[in-house]
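The chains referred to below are lettered A, B, ... by the order of the sequence lines, with proteins before strands, and numbering in each begins at 1.
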Amino acid sequence: MKLRLFDTYTRSVRDFEPLEDRHVGLYTCGPTVYDYAHIGNLRTFIFEDLLRRTLEFNGYTVTHVMNVTDVGHLVSDADTGEDKMEKSARRTGKTAWEIAEYYTQAFIQDCDRLNIKMPTVLCRATDHIQEQIDFIRCIEEQGYTYSTSDGIYFDTSKLADYGYLARLDIEGLQAGSRIELGEKRHLTDFALWKFSPKDQQRQMEWDSPWGKGFPGWHIECSAMSVKYLGNFFDIHCGGEDHIPVHHTNEIAQTEACYHTHLANFWMHGYFLQIDEAKMAKSSGEFLRVQTLIDRGYDPLAYRFFTFSALYRAKLNFTWEGLDAAAKSFDRLRTMVYQWGEPGIVDEDYIDQFEEQVNDDLNFPRALAVTWELARSSLPDATKKATILVFDQVLGLRLAEWQPQEQVIPDEILELAASRTKMRQEKRWAEADALRDQIIAAGYEIEDTPAGPRIKSL
RNA sequence: GGCGACGUGGCCAAGUGGUAAGGCAAGGGUCUGCAAAACCCUGAUCACGGGUUCAAAUCCCGUCGUCGCCUCCA
């Protein structure tokens, strides 16, 4: 089945055709590295990983570019906000550069824990200042900029279809606006270059044709994606929150300079919510991968959890929900382990699976196919070989997993041995009493044909 | 205040015109000395009220509720 993907730009599911034969240029908006990523952020990165793996499953070679936003941007659109990098630096006593490096490494570690593939190119905004300056100059030459006391701005009124991606209702925005315009000419205008404050030295600032300062909020993605993928490439992704502002402005910048809307497909991952509310770095609930590990969850159980909903629908996170996913995932991987060595792949199941993932990444359905396979009457070796093919896309590390070897204390082993003896002698009451003792000590006992198996609870 | 999305069994969640995938939980069963594990079986008419249609969870209108965006944000 042909790969079909939802494109926010056209608001429709379209057949995916690469611009270049068998090759796909994919750009995904990366993390801002002034703090750890939370599991809501990571839901989007998992979605993008599934997209990439699905493209590869379809036989495409993917050049995946992801930015790292290590330039601090202002907290608010007014000039009063504090730079997040600089703020984090002040809080921790580290330099802005050290902060960026630290959280970049933390992000990479989170991705590894979630089995998210590293992009082909991971590019830092601060390594591409010149490209951003060049891009701004190009926009300037095309006549889309103006200058204020605090920076160079993009004049959005000069683009006829500004806001098309988000179907922005400019007049409605202005009517219901809650922010001050300041020196901006229009509500939707945005900074391309911000000047450093005259009275203080920023840790991150650069010279430019317009004066010392730093790049605006949206230019890095345009500049870097164009550099690595060209000015019209296949797919650009990000979180749903990027639709009205960030991606809208990326498109504006590229239209001004290159007259393209930057990407053929625009795709957006939807939010993870906690108790029906958005998870935000600023709010109380800030769950990280490490938080899950501390609570005893395998990070891959979280990856598995995100498969339960479509990427294009909000997903409510609850511990109960994560428990359900963890339980289900454990059953699946245990089953897969017990199937032994892989044999010959079942093509019919592969087709069923492919049909679901190719239908705009319907992973809930793809998982249903996986369960159908798992509970089918096919030989174990066939199931194993087939599910390992699925796992190229699922990324659950099913091939490498094996039950944890637990160290059982000698005293527990002795109790179990006594129990086995009692059972052989059919002294059930005594055997059960021993089992109760084992359970009381925090261990569980399962009788199998091969003898008792002991697990810690 | 403006814009938008959503509301499916106990929970998470597919399905978007032809009588409701899957997972978790629950109940029943098989197996077991009893358990555990595993496996099998069982359950929803789709927020509410109208309308369109031979036919609607699926389209239209209204009501209620929840959430998101409008400010950096995945």
Categorize Gly238(A) for me: base, sugar-phosphate, or nothing, with a 4.0 angstrom heavy-atom threshold over every strand shown. sugar-phosphate

RNA chain B: 5'-proximal contact among Glu48(A) and Ala313(A) (nearest heavy atom): Ala313(A)

With P as the reference atom in both, quote the distance from rU16(B) to rG27(B) in angstrom, rounded to an integer. 34 Å

Between Arg375(A) (side chain) and Glu372(A) (backbone), is there a donor-acceptor pair under 3.5 Å? no

Span that lies between the P atom of rA57(B) and that of rA20(B), in whole angstrom: 9 Å

From the set rA74(B), rC12(B), rC34(B), return the single nucleotide nearest to any side-chain atom of Asn41(A). rA74(B)

Which of the following nucleotides, rC39(B), rC34(B), rG23(B), is nearest to the side chain of Asp447(A)? rC34(B)

Under the 3.5 Å rule, do the base of rG33(B) and the side chain of Asp432(A) count as making a donor-acceptor pair? yes

Out of rA74(B), rC12(B), rC24(B), which has the shortest distance to the side chain of Ser328(A)? rC24(B)

From rA14(B), rA35(B), rC24(B), nucleotide with atom closest to Ala309(A) side chain: rA14(B)

Nearest to the side chain of Gln273(A), which nucleotide is it out of rC11(B), rA74(B), rC67(B)? rC67(B)

Taking a pair as Watson-Crick or G-U wobble with both distances under 3.5 Å, which nucleotide is matched to rU71(B)? none

Counting only Watson-Crick or G-U wobble pairs whose two distances fall under 3.5 Å, which nucleotide matches rU19(B)? none

Which part of the nucleic acid does Ile243(A) contact within heavy-atom distance under 4.0 Å: base, sugar-phosphate only, or nothing? nothing

Rounded to the nearest Å, what distance is computed from the CH2 atom of residue Trp371(A) to the P atom of nucleotide rA21(B)? 18 Å

Can you work out whether Ala368(A) or His246(A) has the more 5'-proximal nearest nucleotide on RNA chain B? Ala368(A)

Separation of rA21(B) C1' from Asp359(A) CG (nearest whole Å): 13 Å

Could you give the distance separating rU30(B) and rA74(B) at their C1' atoms, to the nearest angstrom? 47 Å

What nucleotide among rA14(B), rG33(B), rC69(B) has an atom nearest to a side-chain atom of Arg419(A)? rG33(B)

Using the C1' atom as the point on both nucleotides, what is the distance between rG28(B) and rG62(B), in whole Å? 45 Å

From CZ of Phe6(A) across to P of rA5(B) the rounded distance in Å is 10 Å

Partner nucleotide, any strand, of rC59(B) [Watson-Crick/G-U, under 3.5 Å]: rG51(B)

Please classify the nucleic acid contact of Leu168(A) as base, sugar-phosphate, or nothing, using heavy-atom distances under 4.0 Å. nothing

Go through rC67(B), rA74(B), rA13(B) for me and flag the one nearest to the Phe271(A) side chain. rA74(B)

Say you pick atom P in rC41(B) and the same atom in rC61(B); how far apart are they, in whole Å? 42 Å

Atom-to-atom span, CZ of Arg427(A) to C1' of rC34(B) - whole angstrom: 17 Å

rG50(B) to rC64(B) separation - C1' atoms, rounded to the nearest Å: 15 Å

Of the options rA14(B), rC73(B), rC69(B), whose atoms approach the side-chain atoms of Pro244(A) most closely? rC69(B)

Return yes if some donor-acceptor pair links the side-chain N/O of Lys383(A) with the main-chain N/O of Ala374(A) below 3.5 Å, else return no. yes

Complementary nucleotide for rC34(B) - Watson-Crick or wobble, under 3.5 Å: none

Give me the distance, rounded to whole Å, that separates rG23(B) from rC73(B) when you measure between the P atoms they each carry. 39 Å

Could you tell me which nucleotide pairs with rC64(B) by Watson-Crick or G-U wobble geometry, both distances under 3.5 Å, or answer none if nothing does? rG7(B)

Can you tell me how far P of rU66(B) sits from OH of Tyr270(A), to the nearest Å? 22 Å

Atom P, compared across rG4(B) and rU63(B): separation rounded to whole Å: 15 Å

Determine which nucleotide pairs with rC39(B), using a 3.5 Å limit on both distances of a Watson-Crick or G-U wobble pair. rG29(B)

Indicate whether OP1 or OP2 belonging to rA25(B) is found under 4.0 Å from a side-chain N or O atom of Arg331(A). yes

Nearest heavy-atom contact between Ala309(A) and Arg43(A) is CB-NH2, 4.2 Å

Can you tell me which residue among Asp298(A), Asp391(A), Asn115(A) is in a side-chain hydrogen bond (donor to acceptor under 3.5 Å, both in side chains) with Arg397(A)? Asn115(A)

Arg365(A), nearest nucleotide to its side chain (from rG15(B), rA74(B), rA35(B)): rG15(B)

Regarding His242(A), tell me which of base, sugar-phosphate or nothing describes its non-hydrogen contacts under 4.0 Å with the strands shown. sugar-phosphate

Quick check against the 3.5 Å criterion: does Asn362(A) have a side-chain atom that pairs as donor or acceptor with the backbone of Gln356(A)? no

side-chain hydrogen bond (donor to acceptor under 3.5 Å, both in side chains) between Gln437(A) and Arg419(A), worked out: CA-CA 10 Å; Gln437(A) 271 189 55; Arg419(A) 173 172 171 274; over 6 Å; no

Choosing from rC12(B), rG15(B), rG68(B), which nucleotide comes nearest the side chain of Glu240(A)? rG68(B)

At under 4.0 Å, does any side-chain N or O of Asn362(A) touch on OP1 or OP2 of rA13(B)? no

Rounded off to whole Å, could you give me the CG-to-P distance for the Leu51(A) and rA74(B) pair? 19 Å

Let me know the distance between CD of Gln356(A) and C1' of rA21(B), rounded to the nearest Å. 9 Å

Is any N or O donor-acceptor pair between the side chain of Arg423(A) and the base of rG33(B) shorter than 3.5 Å? yes

So, under a plain 3.5 Å distance rule, would you say the side chain of Arg453(A) forms a donor-acceptor pair with the base of rA37(B)? no

Met267(A) backbone acceptor or donor facing Thr8(A) side chain under 3.5 Å: no

Give a yes or no on whether a donor-acceptor pair under 3.5 Å exists between the nucleobase atoms of rC39(B), that is its base, and the side chain of Arg375(A). no

Can a salt bridge be assigned to the pair Asp330(A) and Lys327(A) using a cut-off of 4.0 Å between side-chain N and carboxylate O? no

Rounded to whole angstroms, how far apart are CD1 on Ile454(A) and C1' on rA35(B)? 15 Å

Lys327(A) side chain N/O closer than 4.0 Å to the phosphate oxygens (OP1, OP2) of rA25(B)? yes

Qualifying residue for side-chain contact (heavy atoms from CB on, under 4.5 Å) with Pro215(A), from Thr126(A), Ile152(A), Ile129(A): Ile129(A)

